[in-house]
Amino acid sequence: MKEKVYFHNISHVIVSFCFFILTGRAAAFLMGQIAEFDAATTEIFPFILAAVCTLLVFRLFKTIIPPPDGTEDALPVMAGRFRKRPFSMKRYVLETIPHTFITVSLLILVMYLVTIAFTSDGALINASRYSDSILAFLSMIVIHPLAEEYIFRGLYYGKLRSMSPIFACLMQAVMFAISHNGVGGMMYALIAGIILGTAAERSNGITVPVAAHMMINLRTFLYNEWLPDSLCFSIDLAVMAAGAISFGIVCLVLKKLPSYENSKKPPSTREEADFDD
C-alpha cells in the first residue's frame with residue numbers, strides 16, 4: 001500500500017508540473033505568433049496561465065484518480081504548515097526573520113559562484129530581462145515569488161514530503177530548474193531550489209521562501225538599472241554579514257527555546273494547517 005501511495009504522489013506532482021511547463025511554453029509561443037509584445041508581457045501572462053492551470057490540475061487529479069489509501073488530499077493554504085504544532089507568535093518571528101536572512105545570503109553567494117562558473121562577461125546570471133515598468137515590478141516582486149513558492153515549495157514539496165524530506169527537496173529543486181532557461185539559470189535555480197526547500201522545512205512553511213524570493217528579486221530589479229555596481233556589491237556584503245549573524249542567532253538563541261514536544265504549556269492549542277496527507 002505504501003508503494004502505491006508513493007507512486008500516486010509522484011504521479012500527482014509530475015502531471016501537474018507537465019501542465020505547468022507545457023501551458024506556459026504554448027502560451028508564450030502563441031503570443032509570439034499573434035503580435036509583438038514587450039518582454040514583461042510575454043513573460044507574465046503565460047506564467048499566470050500556467051500557474052492557474054497547474055493549480056486546477058493539482059486539485060482535479062485527486063478527483064479523477066483518488067489516493068489508493070482513501071485519505072482526503074486537501075489543497076494546502078498559503079499559511080499552511082508541514083507539521084502540526086502549537087502556534088507561538090514569538091517563536092514564529094524569531095524563526096522567520098533569521099532564516100530569511102540566512103536564505104537570502106546563501107542565494108546571493110550562490111548567484112556569484114554560478115556567475116563566475118557559467119558566464120564569461122561577469123554579468124550576473126539573474127540580470128533582469130524586463131524594463132523598469134510597473135508590470136515588470138509586479139511580476140518580479142509579487143507574482144513570480146508567490147506563485148513559484150506556493151507551487152514548488154508548497155504543493156510539490158508538501159506532497160512529496162511524506163516520502164522523504166530530502167527526496168522532496170531534490171525533486172522540487174530539479175523541477176524548479178527545468179522551469180528556467182539557460183545553463184547558468186538552470187544551475188542557479190537548482191541550487192536555489194534546494195536552499196529554498198531546506199528553508200521551508202526548517203521554518204515549517206513557505207513564509208521564509210516567499211520572503212527570501214521576494215527580496216532576491218527586488219535586489220535584481222534595483223541592481224539592474226538603479227544602483228551602481230560598487231554600491232550593489234557593498235549591499236550584498238552587508239546582507240551576507242547579516243546572514244552570518246542570523247546563523248549565529250539560530251544556533252545560539254533558538255536552540256535554547258523549549259521544544260514543542262517538551263513544552264508543558266504550549267502558547268496556543270490552535271492547530272496549523274498540515275500539508276501531510
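Values below: all heavy atoms of this structure, side chains included; hydrogens, waters and symmetry mates excluded. None of the values given here were measured: they were computed from a predicted structure.
Ionic pairing of Arg161 and Glu201 is present here: one or more N-O contacts between side-chain nitrogen and carboxylate oxygen are shorter than 4.0 angstrom.
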**Request:** Go through Thr220 and Met140 one step at a time and tell me if the side chain to side chain contact (heavy atoms under 4.5 Å, CB included) criterion holds.
**Result:** CA-CA 9 Å; Thr220 301; Met140 293 188 67; 3.8 Å; yes

**Request:** Test Phe101 against Ile245 for side chain to side chain contact (heavy atoms under 4.5 Å, CB included), laying out the working first.
**Result:** CA-CA 9 Å; Phe101 276 104; Ile245 295 174; over 6 Å; no

**Request:** Determine, stepwise, if the pair Glu148 / Phe47 fulfils side chain to side chain contact (heavy atoms under 4.5 Å, CB included).
**Result:** CA-CA 10 Å; Glu148 289 181 338; Phe47 177 81; 3.6 Å; yes

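Nearest heavy atom pair, residue Ala199 against residue Thr103, reads CB-OG1, 3.4 Å. Of all non-hydrogen atoms in Ile178 and Met186, the two that sit nearest each other are CA-CE, 4.1 Å. The two residues Arg153 and Gly193 have their closest heavy-atom pair at NH1-CA, 3.7 Å.
Within the 3.5 Å criterion, the main-chain N or O of Phe17 finds a donor-acceptor partner in the side chain of Tyr156. Listed for the Ser105 side chain is a donor-acceptor partner under 3.5 Å among the backbone atoms of Ile102. At distances below 3.5 Å, at least one donor-acceptor pair connects side-chain atoms of Tyr223 with backbone N or O atoms of Cys232. In terms of modelled atom types and a separation under 3.5 Å, the side chain of Gln172 and the main chain of Cys169 share a donor-acceptor contact.
In this structure, the side chains of Leu106 and Met240 stay at 4.5 Å or more apart for every pair of heavy atoms. Side-chain contact between His144 and Glu43 is present, with heavy atoms from C-beta onward closer than 4.5 Å. In this structure, the side chains of Asp236 and Arg219 come closer than 4.5 Å at one or more pairs of heavy atoms.
Among residues two or more places apart in sequence or in another chain, the side-chain contact (heavy atoms from CB on, under 4.5 Å) test is passed with Ile10 by Ile14, Leu160, Met163, Phe167, Met171. In this view, Phe176 and Phe152, His180 satisfy the ring pair (Phe, Tyr, Trp, His ring centres under 6.0 Å) rule, not counting sequence neighbours.
Using the six-membered ring where Trp is involved, His12 and His8 have ring planes that are perpendicular, over 60° apart on the 30 and 60° scheme.
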For residues 22-31, dump all side-chain donor-acceptor pairs below 3.5 Å to protein atoms at least two apart in sequence or in another chain.
unit_1	atom_1	unit_2	atom_2	d
Thr23	OG1	Phe19	O	2.6

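Using a 3.5 Å distance cut-off with no hydrogens or angles, the side chains of Ser162 and Tyr6 do not pair a donor with an acceptor.
Leu56 CG: more than 12 foreign heavy atoms inside a 6.0 Å radius.
When the side chains of ILVMFWY residues are joined at heavy-atom separations under 4.5 Å, either directly or via intervening members, Ile194 and Met111 end up in two distinct hydrophobic clusters. Under the 4.5 Å side-chain contact rule for hydrophobic residues, Ile64 and Val15 share a cluster.
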